[in-house]
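Please read the structure below before turning to the comments.
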Amino acid sequence: MEFSELIRTGQAQVELLRGPEMPPLRGTLCVTGHHLLLSPGPQATPDLWLLLLRSVDSIEKRGQGTLSLSLSIPSVAGDAGTITLRCKDLRVLQLDIEGVEATLDIARSIEALSSLESVITSFPFFYRPKGLRLGEAWHFHPPERYYKRIARETWSSPLPVPQTRAWRLSEANEDFSLCPSYPRAVIVPRAVDDDALARSARFRQGGRFPVLSYYHAPRGTVLLRSSQPLTGPQKLRCAADEELLRAVLAEARPGARGVIVDTRSAQAAKQARMTGGGTEAKAAYPGWKRLHRPLERGRPLQESFVRLMEACGDPEQSMDRWLSRLDGCRWLSHAKEALSTACLAAQGMEWEGACILVHGAEGTDSTLLVTSLAQLILDPLSRTMAGFQELIEREWIQAGHPFQLRCAHSAFSHTRPKHEAPIFLLFLDCVWQLGRQFPLSLEFGEGMLLALFDHSYASPFGTFLCNSEKERCLCEVRTRTHSLWSGLNQPKEQRKLRNPLYVPNPLAIWPSVEPQSLRLWQGLFLRWTHPPEPSEVAWEKVWQIATVRGPLTVVGLSRCGAQAPDAQSQQRSARHVESSRTGARTRVPCIGRRTLNHCATREAQVIYLICTVL
Amino acid sequence: MEHIRTTKVEQVKLLDRFSTSNKSLTGTLYLTATHLLFIDSHQKETWILHHHIALVEKLALTTSGCPLVIQCKNFRAVHFVVPRERDCHDIYNSLLQLSKQAKYEDLYAFSYNPKQNDSERLRGWQLVDLAEEYKRMGVPNSNWQLSDANRDYKICETYPRELYVPRIASKPIIVGSSKFRSKGRFPVLSYYHQNKEAAICRCSQPLSGFSARCLEDEHLLQAISKANPANRYMYVMDTRPRLNAMANRAAGKGYENEDNYSNIRFQFVGIENIHVMRSSLQKLLEVNGTKGLSVSDFYSGLENAGWLRHIKAVMDAAVFLAKAIMVENASVLVHCSDGWDRTSQVCSLGSLLLDPYYRTIRGFMVLIEKDWISFGHKYSERCGHLDGDPKEVSPVFTQFLECVWHLTEQFPQAFEFNEAFLLQIHEHIHSCQFGNFIGNCQKEREELKLKEKTYSLWPFLLDDQEKYINPLYSSTSQKLAVLEPNTVSFNFKFWRNMYHQFDRTLHPRQSVFNIIMNMNEQNKQLQKDVKDLESQIKQHKNKQTDGVLTKELLNSVRPESPALKTSLCLKEQTLLPVNDALRTIEGSNPADNRYSEYADEFSKAEPAVVSSEYGVARMTC
């Protein structure tokens, strides 16, 4: 299929309105296969305005002076139409277009192009940015990398010897035959062989047998995830599955208990039996205890998101109306439930020395929400920039969260939601809440979370394409598109994404989940309606304080350099910088890499000055 | 003290306010003449000033003892369980007596002695000089003058002695106008905007009834509008809801009739009265105190309390006022009923928006002295300092502080002070530790001889200035000269740090302010190092003109440099404020949070596995 068939018009003269605070843009609009282009007239700034068509969530068209555009009215000079575009990143744009005919054509083109289903014709397969190489920064084997880390941690663990080497990397899913939504390699107990895994997979919905999600080295406990067991109305059992969970307990610390956190209510779990699902019977899994923590998912969650955005779209409403709508949409309740369930799982591992298995029904949504949040709470490494990217890659993308289905539409779509649910957004919101309560403990800032939200719904990068590892392999996503991480990790992006106040914190971060402590994420939900300009300037100042170590230092440095007596002594002093720098490195208390570097560079400056004293 | 029967009770339990599993700390309760003190087994002290106590309740006897619930005006809420009922009863009775004094002379300020001599005390009181402040604004000038009409409090008892009025308003006009205004509070200058030559004036409601008019009052208003050469119209803002103002007409009071006054534009802004505000706060506190509060209950409670709606109304009024002056160059006269509650809120917030000086630490003190203390906001009655009419108590000043807090949230760089400063001021309007907020008007304060018998709060706040500094403050930003806050509903949030000040578990666990302060500090130290080194370079250059390097000097350069050790490496460690008292990581162990109660579910099966106490010790180390 050619895109040109879908593009009904070449170009048109338009005025673009981008909300109350931004100046309107005027120029020529052009629809291409993947983008909406607006090139301003020659007198304006030469910047091209660009919108990825994929990020259009809904489109409304209106003719001026006419009631309906569906009656094809002949184009009269001076008439105009208006198109309102609601984007997946929650922006609302308005295009005033000259000519009713042109309006209709543009609207139809956008409609057709923004809803293309095919993955391999999507923009990431054509996007070739300067400075990035294909295949760069793809974490090809997150489970393998993670397994290496576990192996390292188990070896250095102070726990008794049997504990070490309790886990192995299984490639039983090499051809995705066991479980289409798992990656090729998964981490499972060493005592369980691949045949048993296959049998266990047949007993779990979608083949998602229990696999290791996180190894909590300080306490030797583990976090596992799976989907619901297919017990059905006959209360079936599976010896391999039971053996797998028994092996987990046997190989963890002696006397360890297991807790199954079911993300459905007890009643919903029971009802699932009628459709072939169910939950683990107590008698069949000795040592494992079941807790039900109902989390909202699917359509109710999507509706909550839609209702929240409706409330956020009306700046004129009274205080009471706003509060009642905020209450009515229940979004913050969902955040609170997600966080407290994650805390429960984390607490079980950290305090009770328990192994935790999390599952709901399919094990691809709320399950991942809980396991990934629990890791952020417990694992200091996952709170670093690199660690967080790896966490998302491993716990969301590779773990088979169906991004293509869940993020097909955002809050503005007119179509009835089928599989859409903002579960990844809820995760990002919870991370934001963590970041608000521990403003120094996350290496990434709000900008990173916003970028992840935008890219998960529509992106020029391939990272969030498809629903599972299997699909990505079929589409050759990893070789034919660019990785989001390579885009984000470019030095020019860092200021937007990082938290200038980050100080590595080796402790667990236990958030407060009281309603008074949770706040609406204004930076996301009110990003376009409500520009937070003064606070942005303030943030700039924070950056300044945190990174620039005083312009005077630099001035002083250069001036001193210029004043250095002669070239020879300058050379000599440079050598001293080297030696004393390495000397300093060993003495600096090892708080973390970044602080160390900071410390080192700053010291180097001062040392350099001391040297020039000579 | 005759009220104290028991001074010490042991084995008292302090219950966690939000825990549903009745977690508690055991310790000893002491009763002193001024404070109630609880020391728990970790030697952590909880001090409660008697004047801060708003409510003491003794609940029905339980198996573990007699519960004693204390609610404080600074929003601390504590729940003790005293083992023996008699002890509980004694303490309860003592607290009842001690928290409600009958006479001003029994307030803490009259016995508080911070070891200052008389001249220091006097200097403290002179720190804020209102005459100086009016001079800063640019009055007296050709249009405004100082009036001596109220020098002996003859015209209005609740106004200060020095009042600024239009130059063309003669004394008979002033006297005539004051007779037509409730409590004699005739229109006077509150703030003068030098560039726009426009003024904010304040007064009380006119005694207009259904048809009465007063020529002198009309003249005075005309004089005010004539004093503004830029705009001959002036606004009259009645800060009450229209209905309330109309109802007042039946009592012979009311509002200005636009037909009787030339050149005025009349406007209602609809801020509710003190009784509505009191019950609104009451409702808010009830919601907050609920155990096991759900998100939904919290937001519907917030909505029902209406507290944020009232805050928005005050803010909207202030924005209206600031716009009238900035956009239309018009003078504004503000009044409510008596002109000492809502009027003070609107005038002071309006000036705060217009004038960056009031956003500095010192300027904020001046603002409070001017628009609140000197113009007769009835602190003692509104804060319930003495045992008086509970219907006079109302959180009017708290609302003002909350509005300022909302502004600091919206404009993080516009204020020299931080949240802690606002909280500290709020603490002291109730504490009666300093003389500033005692009494209801200047006349009463003079009669109490506060300046001789008590101390002023402001010098003590200035001494601790570094605690209250906003590290992001930018005093030079032109953009922030006049604040134009956005008052859409999204912007109004629940002020957790005020209403849950003492509920440590609800706060963020790490303080951004601390770390920025530390970084600033470090940067300064670095700059100093650079300077020192530069001067050393100069010295050495002078010495070694022949360019010889001695071996000694080389050695001294090696990593042992003292400057490095002290200023850099050690400081770096302190960046993570682990032991900072209030909002740090220290509070972050799950035992403080509600989900920890699921721990019970864990331990039911095998109770002997891991005691949670072990975990506490481990986490906080």
Side-chain angles (χ1 to χ4, degrees), chain A residues 289 291 315 317 319-320 322-324 326-327 332-333 336 340 343-344 347-348 351-353 436-440 501 503 507 509-510 512-517 526 530 534-535 537-538 541-542 545-546 549-550 552-553 556 560 565 576 580 583-584 588-589 599 603 606 609-614, chain B residues 293 295-296 298-300 302-303 308-309 312 410-413 472 488-490 492 496 500 505-506 508-510 512 515-516 519-520 523 526-527 529-530 533-534 536-537 540 547 549 553 557-559 561 564 568-569 572-573 575-576 585 588-590 593-595 598 601-602 605 610 612 615:
Chain A
K289 186 177 159 50
L291 292 178
Q317 64 200 326
M319 200 68 229
D320 289 1
W322 161 242
L323 288 173
S324 98
L326 195 58
D327 171 26
L332 284 169
S333 307
K336 178 187 150 94
S340 54
C343 288
L344 172 73
Q347 201 192 352
W351 290 48
E352 315 290 330
R436 250 182 56 79
Q437 296 193 25
F438 295 89
L440 317 181
L501 301 173
V503 178
L507 304 174
I509 52 173
W510 301 105
S512 157
V513 295
E514 296 294 332
Q516 291 96 323
S517 308
L526 297 167
H530 184 64
S535 49
V537 180
K541 172 113 185 210
V542 173
I545 293 173
R549 309 318 263 167
L552 190 90
T553 326
C560 299
H576 284 305
S580 46
V588 177
C599 215
E603 278 190 13
V606 178
L609 281 172
I610 297 171
C611 296
T612 45
V613 166
L614 304 166
Chain B
L293 187 66
V295 175
S296 178
F298 176 64
Y299 280 100
S300 58
L302 215 52
E303 183 197 340
L308 290 176
R309 189 179 68 223
K312 176 170 153 60
Q410 228 182 97
F411 302 96
Q413 293 194 277
L472 299 180
V488 291
S489 307
F490 313 135
F492 293 89
R496 187 190 51 220
H500 288 294
T505 56
L506 298 186
R509 308 306 164 78
Q510 292 173 320
V512 172
I515 195 152
I516 295 181
M519 282 179 168
N520 252 344
N523 286 357
L526 270 172
Q527 291 180 357
D529 288 353
V530 169
L533 289 167
E534 275 183 315
Q536 274 186 41
I537 288 177
H540 280 293
L549 289 171
L553 269 170
V557 168
R558 293 281 159 89
S561 161
L564 288 180
L568 295 163
C569 308
E572 193 72 44
Q573 280 177 305
L575 275 182
L576 191 68
I585 219 161
S588 73
N589 66 63
N593 296 311
R594 247 211 289 149
Y595 47 76
Y598 305 125
E601 293 182 48
F602 282 122
V610 184
S612 52

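In the text below, chain A, chain B and the rest are named by the order of the sequence lines, each starting its count at 1. Here the structure is a predicted model, which means the values were calculated and not measured.
In this structure, the separation between NE2 on B:H500 and CD on A:Q516 is 3.5 Å, given to the nearest 0.5 Å.
Both the backbone and the side chain of A:L332 come within contact range of chain B, judged by heavy atoms closer than 4.5 Å. Heavy-atom distances place the side chain of B:F298, and not its backbone, under 4.5 Å from chain A.
By the side chain to side chain donor-acceptor pair (under 3.5 Å) test, A:S333 pairs with no residue at all, sequence neighbours left out. The side chain to side chain donor-acceptor pair (under 3.5 Å) search around B:R309 returns A:D320, not counting sequence neighbours.
If you run side chain to side chain contact (heavy atoms under 4.5 Å, CB included) between B:L302 and each of A:L326, A:L323, A:D327, only A:L323 comes through.
Nearest heavy atom pair, residue A:K336 against residue B:L293, reads NZ-O, 4.0 Å. Here the closest non-hydrogen pair linking A:S324 and B:E303 is CB-OE1, 3.0 Å.
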